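Presented below is the structure to which this report refers.
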Amino acid sequence: MAARIHGGAGAGAATALSTFNPKKLVAPSRTNLPAITRSKRYIVASGSDASNKSLRVRHSQKLIANAAVAVCLLSLILHELLLFEALQEGLEEEMDRDPHVCVMGEDVGHYGGSYKVTKGLADKFGDLRVLDTPICENAFTGMGIGAAMTGLRPVIEGMNMGFLLLAFNQISNNCGMLHYTSGGQFTIPVVIRGPGGVGRQLGAEHSQRLESYFQSIPGIQMVACSTPYNAKGLMKAAIRSENPVILFEHVLLYNLKEKIPDEEYICNLEEAEMVRPGEHITILTYSRMRYHVMQAAKTLVNKGYDPEVIDIRSLKPFDLYTIGNSVKKTHRVLIVEECMRTGGIGASLTAAINENFHDYLDAPVMCLSSQDVPTPYAGTLEEWTVVQPAQIVTAVEQLCQ
Amino acid sequence: MALSRLSSRSTTLLHPLATTSLLRRRHISTDTTPLTVETSLPFTSHLISPPSRSVSTSSQELLSFFHDMALMRRMEIAADSLYKAKLIRGFCHLYDGQEAVAIGMEAAITKKDAIITSYRDHCTFLGRGGGLYEAFSELMGRKTGCSNGKGGSMHFYKKDASFYGGHGIVGAQAPLGCGLAFAQKYLKDEAVTFTLYGDGAANQGQLFEALNIAALWDLPAVLVCENNHYGMGTAEWRSAKSPAYFKRGDYVPGLKVDGMDALAVKQACKFAKEHALKNGPIILEMDTYRYHGHSMSDPGSTYRTRDEISGVRQVRDPIDRVRKLIISHDIATEKELKDMEKEVRKEVDEAVAQAKESPIPEPSELFTNIYVKGFGSESFGADRKELRATLP
């Protein structure tokens, strides 16, 4: 595995960046560099239709126009790593940058984190900044929120997202609502992160998808990472954001390998990622289902379809701008998600698309979600609860008739 | 203040009154020479040696106690009538009877020390420096309230005075309070956090979780149980196997204090602050009483007798105790104190009238302060009024 280069990219890259404000480097949507996807397209800017954009990232295209060349060249300095290492890098860089950032969670310190995301951080930053908490999700989530009220920026880790159900009161009432009920006096810049989703036969209680429960809490933002590139970018953006952000990782994606740029970059928290542009149908997905979709896409391409795959990344709020543009182009939408059928992210997204883009649709929005069952232990049964690539292919064929 | 008005009025009256007004001016003193008073009861302690019963105070402090407690009492009574007039809606939890806890605590700490409490927060807010006008506006849901009218009775906050609220869910402020203490330790503030909760909340699991963490990491947290003996309608003996809340910390030292005696509260809080800065958490149990029911929708007499309430009011009322102290130490006369109370009543009435005139929040306020704008990226949908996107 290639050696990792920490911190700033290296002397040569640093001098090239001297006139460049890294804070403005909000990376525009881009496909991943070759490692995961087949597509080798590399989109820096979405170009011409920059006029009516409400996303400042588009306005800032002009600002970074001169440096675009530099970005391209610098982006060629890459290093390869696994997703959990990307998260660790992001976290470490932010902790280096701002002494207010601290991590709290179970076994994050001396043990190194149950998924090794915080490995080595306790040795580097000490016990006060990387806190091993006792097993009391309600209390340590509340503690993180209380600390955030005074100005610290805690990153709260739930060892498994499902455990955060014990902290639901703190997340819903205190994290989401304190900024509003205090009339703006307090900001809660916490990041709540942890792995969730259906793993390999972990059982029902350890395979929860909490994004469906948290999505109605006003005042929080939710993002889901899916590749090492966006994991690091979203982690950094979430830590820097003044809003409380819940970062959903997936248990099965921690060992994904990818080459990511050496220089510092941040992903936009509210933006969706265009994974594969296409013409026939828009497939909206996030987290692990992205890979099932891409696998189905291979089959679909062979069958002559041209699916446009968008990783929505931002689960709250939805990036209706990117999604809308895609729907306008393709007129058909398929949502593939890992949430339950009832009340999941897909359900909200279906409603949002129907409300906003009804005129552009040629067919009803179809949503493929997990079954409304507790995740069984048996391997075959577990496979059937989650959407499989074959089902995606069938759904696309059905929609595109 | 009251005095100068009295003396100007008295010039039109008979001469003897003019001379007595001079005498009065001598009595209401702003004297800061220390005065030592014994607390009403000794402190009971757990795992620690209790502080002494002799509290050093001064005439000025006693008078300020009286004034501030009278103000708080008046405010709560005004809130009672406003609620009955349907100007305050929802839940309104009144603090009258418990004023000594808020006042005594303020006297022992600075504005750098943080206080966080539950929904019975009107008087704590006032103690932290909050204004009557902001309080009443917030209660009536006006724009000029301390939380812009969006919080209500249970969500008073004052960031610049380190008052962190104001929380509706019973016990949820315990972990938050330990978080505040953690931040104080992290940022090396040399300040402590007073986390107030009630005897009902003392049975919450998250309290013990937070206590464990605070004790483990030596956080400067003082957990204060305001034991008014009733968790809404359930008496203490019916809800807790062990009502010795100060002992419930087990490995954490505790102190039981007469919560109706402002000086005892002051002594205990001072002691607790010193302890917390050096040795980590400590529990204070304030034995106090609320005259009103749990909230305005609770008459307060279905689970306790009116005799009990009036008994406590006659024997243990915090304002009467300070009044007796002031009179017995010759700091002011009965009449002066009555006049002070009248002044306070006037002040409260004026604030209420002013608050009644203040505007209600605009409709656009519905969507402000849900999110803070993030670092650079314009949140495309986070603040939006409807789920809409404009496409080219």
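Residue numbers start from 1 in every chain, and the chains themselves are labelled A, B, ... in the order their sequence lines are given, proteins ahead of strands. Just so we're clear, the structure is a prediction, and the values are computed from it rather than from any experiment.
- By the 4.5 Å heavy-atom criterion applied to side chains, Leu176(B) and Gln170(A) are counted as neighbours.
- When the candidates Asn173(A), Ile145(A), Ile135(A), Asn174(A) are compared by the number of heavy-atom contacts under 4.5 Å with chain B, Asn174(A) comes out ahead.
- A distance of 13.0 Å separates CE of Met177(A) from NE2 of His167(B), quoted to the nearest 0.5 Å.
- Separating the CE atom in Met104(A) from the CD1 atom in Ile213(B) is a distance of 8.5 Å, to the nearest 0.5 Å.
- Considering only heavy atoms from C-beta on, Glu209(B) stays 4.5 Å or farther from Phe140(A) through its side chain.
- Interface remark: Glu365(B) contributes backbone atoms only to the contact with chain A (heavy atom separation under 4.5 Å).
- Using a 4.5 Å cut-off between heavy atoms, Pro99(A) contacts chain B through its backbone alone, with no side-chain atom that close.
- Using a 4.5 Å cut-off between heavy atoms, Leu366(B) contacts chain A through both its backbone and its side chain.
- If you measure heavy-atom distances from Ile169(B) to chain A, the contacts under 4.5 Å come from the side chain alone.
- Distance CG/Asn138(A) to CG/Leu207(B): 11.0 Å, rounded to 0.5 Å.
- In this structure, chain A has no heavy atom under 4.5 Å from any part of Ile116(B).
- Using a 4.5 Å cut-off on side-chain heavy atoms (C-beta onward), Phe182(B) and Cys102(A) make contact.
- Using bins of under 30°, 30° to 60° and over 60° for the plane-to-plane angle, the ring pair Phe186(A)/Tyr164(B) lands in the parallel bin.
- Only the side chain of Leu216(B) comes within contact range of chain A, with at least one heavy atom under 4.5 Å from a heavy atom of that chain.
- The backbone N or O of Pro218(A) sits nowhere less than 3.5 Å from a side-chain atom of Tyr371(B) that would complete a donor-acceptor pair.
- Met149(A) contributes atom CE, which lies 8.5 Å from atom NZ of Lys159(B) (distance to the nearest 0.5 angstrom).
- Within the 3.5 Å criterion, the main-chain N or O of His179(A) finds no donor-acceptor partner in the side chain of Asn369(B).
- Nearest approach of Trp217(B) to Thr133(A), heavy atoms of both residues: CH2-CG2, 3.6 Å.
- Atom-to-atom distance recorded for Lys185(B):NZ and Leu128(A):CG is 6.5 Å, nearest 0.5 angstrom.
- Of the listed residues (Leu178(A), Ile323(A), Leu166(A), Asp127(A)), the one with the most heavy-atom contacts under 4.5 Å to chain B is Leu178(A).
- One finds the CD atom of Gln185(A) at 11.5 Å from the CZ atom of Phe156(B) (value rounded to the nearest 0.5 Å).
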